[in-house]
Amino acid sequence: MSKKTAIIIGAGPAGLTAAYELLKTTDILPLVLEESEFIGGISRTAQHNGNRMDIGGHRFFSKSERVNELWQELMPLQGSPSYDDIKTGTEKDLNPNGPDPETDEKVLLLRNRVSRIYYLRKFFDYPISLKPETFINMGFSRTFKAGLGYMKSCVSKKDETSLENFYINRFGKPLYEMFFEDYTEKLWGINPKYIAADWGAQRVKGLSLTKAVINVLTKPFKKKEDTETSLIEQFYYPKKGPGQLWETLAEEVEKLGGKILRENSVKTITLEGKNIKSIGVETKDGFVEYKADYYISTMPIKDLVNGMGEEVPNTVKDIAINLPYRDFMTVGVLVDKLLLENKTKHKTLGNIVPDCWIYIQERDVKLGRLQIFNNWSPYMVKDPENTVWVGLEYFCNEGDEYWNMSDRDFTAFALDELEKIGIINKSDVKDTARIKVKKAYPAYFGTYNEFHKVREYLDGIDNLYCIGRNGMHRYNNMDHSMLTAIEAVNCIKDNSLSKSRIWDVNTEQEYHEEK
């Protein structure tokens, strides 16, 4: 008897995890169809002239035992610290008998998490701390107003009808205006007063100024699993970027008998009653029809529903095709040095600032975040001892003014901004690269408030399982995306028509992540 088959749309963390779980725990054979030529989705690692770019920044941290096990099945933890303790003096000996990062290609490193806010041309801790330096940098007037605003937020709570009110309830209005409003508007393109509080409830649900204070006081007594995600101090990271892990997972899927086809774009979905009958795929060689017993989708829901044609009720289709997304661009910049001084206790190669991310809160630039790839892993940089490789993150909409600028013009614009806020001298720039990513962030405004109608319709298609960030129009982390894949496979194994266990992932109140 022929084995059952599953078609998985998308070779990102969710799609690859689904394929791996099917092969490890069932007799179902997966076929993974990936629209692009790359593995890993937005978690891939791009390469340019010997330097590697993590598109968006991906920390490997999870409270899920299964996810941590899977990561370590693919890449063992580092052995004795190497590369002169990774040139920071802060690496720990995770596994004395494990691989040596200096000689082994596939290994997970333990990295220090440092993320700060750049505001008023000064650094502030993220999350906001109550250190004397914070108050000095803010100045007396701002500090006084922030204190009054926070006290007011403790006694007078706003209805959380928007992301703005969500933040004000946790930090007070002055701190919200200083450290959240402008950055959030850069990220989403609209003011937080017009964004559903769902995004905050999912991404920073446990974070507040009170929590930050409590964390400082209770930190010595806390277990790792009790730590808020936005307060973690260390995380795992593949030696050569996140894409290295997903490429390794893709190799394992193929070794186990699964098939991955790149540059295969799903265009049509044919329904028959309460099931998908087949899908139409555009390939380099023409249009191909595929049939399977199960369909697992990570493609954007607006594209999935649009591909179903006239079978979808108009109300559902209108909501789905108008779901908003935010697109993304990274400009890689290689420089001899940064102008920023390392005034922290962290040791770094070349004494550069230790940050993985720097949130650019300055109002006079469009730049949203700055990544320093040297600090994610020195193996991401061709010459980490003599150069600094950074990524400038811009949030935009496909087709807008910035998206349509040529690589040359936009890179010049980005370098002007970086120099303007005192981070580099343009004369120190050695190389640049620009990468665009469509539909990087599913957004929580527009028709999103009626999204439950789309979910109900898709859940009613018995052999369809929507997983991952875009597949669920939910701002999932990598580990959450993986867990949705695992739960989808569990539904298939249990012959369960209910998809609720998939949607329940990343709804627990104690788990969150800032982005």
Do [Y] and [X] meet the salt-bridge criterion of a basic N to acidic O distance under 4.0 Å?
X: Glu105; Y: Lys239; answer: yes
X: Lys453; Y: Glu450; answer: yes
X: Arg262; Y: Glu34; answer: no
X: Glu247; Y: Lys106; answer: no
X: Glu21; Y: Lys24; answer: no
X: Asp383; Y: Lys430; answer: no
X: Arg434; Y: Asp407; answer: yes
X: Glu417; Y: Lys366; answer: no

For the side chain of [X] and the backbone of [Y], is there at least one donor-acceptor N/O pair under 3.5 Å apart?
X: His48; Y: Thr432; answer: yes
X: Asn322; Y: Asp318; answer: yes
X: Ser297; Y: Ile9; answer: no
X: Asn264; Y: Glu35; answer: no
X: Ser278; Y: Tyr290; answer: no
X: Asp409; Y: Phe413; answer: no
X: Asn463; Y: Ile276; answer: yes
X: Asp355; Y: Ile358; answer: no
X: Arg469; Y: Ala14; answer: no
X: Lys317; Y: Gly309; answer: yes

### Task
With sequence neighbours left out, write down each residue that passes salt bridge (charged side-chain N to carboxylate O under 4.0 Å, His left out) with Asp416, or none if nothing qualifies.
Lys426

Students often mix this up, so state it plainly: with edges at 30° and 60°, are the rings of [X] and [Y] parallel, tilted or perpendicular?
X: Trp188; Y: Tyr444; value: tilted
X: Phe60; Y: Tyr237; value: perpendicular
X: His473; Y: Phe451; value: tilted

Is it the case that the side chains of [Y] and [X] hold a donor-acceptor pair, with the cut-off being a distance below 3.5 Å and no angle test?
X: Trp71; Y: Asp479; result: no
X: Tyr236; Y: Asn68; result: no
X: Ser498; Y: Ser496; result: no
X: Asn397; Y: Asp327; result: no
X: Glu282; Y: Ser265; result: no

#### Entry: side-chain contact (heavy atoms from CB on, under 4.5 Å) assessment of Leu415 paired with Ile424
CA-CA 8 Å; Leu415 293 177; Ile424 66 163; 4.1 Å; yes

If you compare all heavy atoms of [X] against all heavy atoms of [Y], which two are closest, and at what distance to 0.1 Å?
X: Asn404; Y: Gly399; value: ND2-O, 2.8 Å
X: Leu392; Y: Ala414; value: CD1-CB, 3.8 Å
X: Tyr20; Y: Arg66; value: CE2-NH2, 4.4 Å
X: Pro354; Y: Val114; value: O-CB, 3.7 Å
X: Thr283; Y: Val288; value: CG2-CG2, 4.0 Å
X: Tyr448; Y: Asp198; value: OH-OD2, 3.4 Å

Is the Lys NZ or Arg CZ of [X] less than 6.0 Å from the centre of [Y]'s six-membered ring, within 45° of the axis?
X: Lys499; Y: Tyr465; answer: yes
X: Lys382; Y: Trp389; answer: no
X: Lys186; Y: Phe395; answer: no
X: Arg326; Y: Tyr441; answer: no
X: Arg369; Y: Trp357; answer: yes

Side chains of [X] and [Y], heavy atoms from C-beta outward: is any pair under 4.5 Å?
X: Leu349; Y: Glu385; value: yes
X: Phe287; Y: Val281; value: no
X: Gln244; Y: Val107; value: no
X: Ile7; Y: Ile279; value: yes
X: Leu271; Y: Met308; value: yes
X: Arg455; Y: Trp503; value: yes
X: Asn470; Y: Asp303; value: no
X: Glu252; Y: Leu74; value: yes

To the nearest 0.5 Å, what is the distance between [atom1] ([X]) and [atom2] ([Y])?
X: Thr248; Y: Glu73; atom1: OG1; atom2: CD; value: 12.5 Å
X: Thr5; Y: Asp27; atom1: OG1; atom2: CG; value: 13.0 Å
X: Ile321; Y: Thr447; atom1: CD1; atom2: OG1; value: 9.0 Å
X: Ile492; Y: Asn490; atom1: CD1; atom2: CG; value: 9.5 Å

### Message
Run Thr330 and Glu393 through side-chain hydrogen bond (donor to acceptor under 3.5 Å, both in side chains) and show every step you take.
### Response
CA-CA 5 Å; Thr330 294; Glu393 300 185 359; 5.1 Å; no

### Query
Could you go step by step and tell me if Ile260 and Val253 meet the side-chain contact (heavy atoms from CB on, under 4.5 Å) rule?
CA-CA 8 Å; Ile260 301 174; Val253 166; 4.3 Å; yes

### Task
State whether the number of non-hydrogen atoms from other residues, nucleotides or ligands found under 6.0 Å of Lys493 atom NZ is greater than 12.
yes

### Message
Is it the case that atom CG in Asn314 sees more than 12 heavy atoms from other parts of the structure closer than 6.0 Å?
### Response
no

### Message
Between Thr45 and Gln47, is the side-chain hydrogen bond (donor to acceptor under 3.5 Å, both in side chains) condition met? List the steps.
### Response
CA-CA 7 Å; Thr45 301; Gln47 298 187 47; over 6 Å; no

### Task
Kindly determine whether Val505 and Glu487 satisfy side-chain contact (heavy atoms from CB on, under 4.5 Å), including the steps that lead there.
CA-CA 8 Å; Val505 171; Glu487 292 300 342; 4.0 Å; yes

### Query
Going through the distances and angles, do Val266 and Ile269 end up as a side-chain contact (heavy atoms from CB on, under 4.5 Å)?
CA-CA 8 Å; Val266 175; Ile269 298 95; 4.3 Å; yes

